[in-house]
Amino acid sequence: MPQPLPRPGPDARLFTGPRGGRISTAVLRDATHWDNVVIRLGHEHLRRHDLRHTGLTWFTDAVVPVHVLRRLAGHGSLMTTQRYLHPDVHKITAAGAAHTHTSARSAPRSLPSPIVMTR
């Protein structure tokens, strides 16, 4: 009877290289034909690491808390994680418009007169 495989720990790699170790960026680039794909798509400037920025930004847009993203990305600091996040300007504008204090509907039609101090 076959023995069940041991359960990996929480820090175990999901994928391993051909010899069971870490997958190098060169192996990943070659296995995915990265250089050819990005050229055909017209995105020669795109780096594989850019996908990490995109993925973390999408998680943020899906309202995953930043402290969870920090753990997911393996960052030691929230500041590092925040550098990976690139919110869409339209989402920022929509967030401002949705807030009662910043929406155009609640803004005063004119500013109040300045207060002049006299002696």
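The cluster map of Ile, Leu, Val, Met, Phe, Trp and Tyr, joined by side-chain heavy atoms under 4.5 Å apart, puts L78 and L56 in the same cluster. Transitive grouping of hydrophobic side chains (ILVMFWY, heavy atoms separated by less than 4.5 Å) brings V66 and F59 into a common cluster. Cluster annotation: L51 and V38 are assigned to the same hydrophobic cluster (Ile/Leu/Val/Met/Phe/Trp/Tyr, side-chain heavy-atom contacts under 4.5 Å, transitive).
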side-chain contact (heavy atoms from CB on, under 4.5 Å) for L69 and L85? Distances and angles first, verdict last.
CA-CA 10 Å; L69 292 179; L85 307 179; 4.2 Å; yes
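Within the structure, every pair that satisfies the salt bridge (charged side-chain N to carboxylate O under 4.0 Å, His left out) test and touches residues 14-30, not counting sequence neighbours, is listed here: R29-D35. Residue pairs satisfying the salt bridge (charged side-chain N to carboxylate O under 4.0 Å, His left out) criterion with at least one member in residues 61-86, sequence neighbours excluded, are absent. For residues 61-80, the set of pairs meeting the ring pair (Phe, Tyr, Trp, His ring centres under 6.0 Å) definition, not counting sequence neighbours, comprises H75-Y84.
Separating the CZ atom in R47 from the CG atom in D50 is a distance of 4.0 Å, to the nearest 0.5 Å.
Between T57 and H86 the shortest heavy-atom distance is OG1-N, 3.0 Å.
V37 places none of its side-chain heavy atoms less than 4.5 Å from the side chain of T32.
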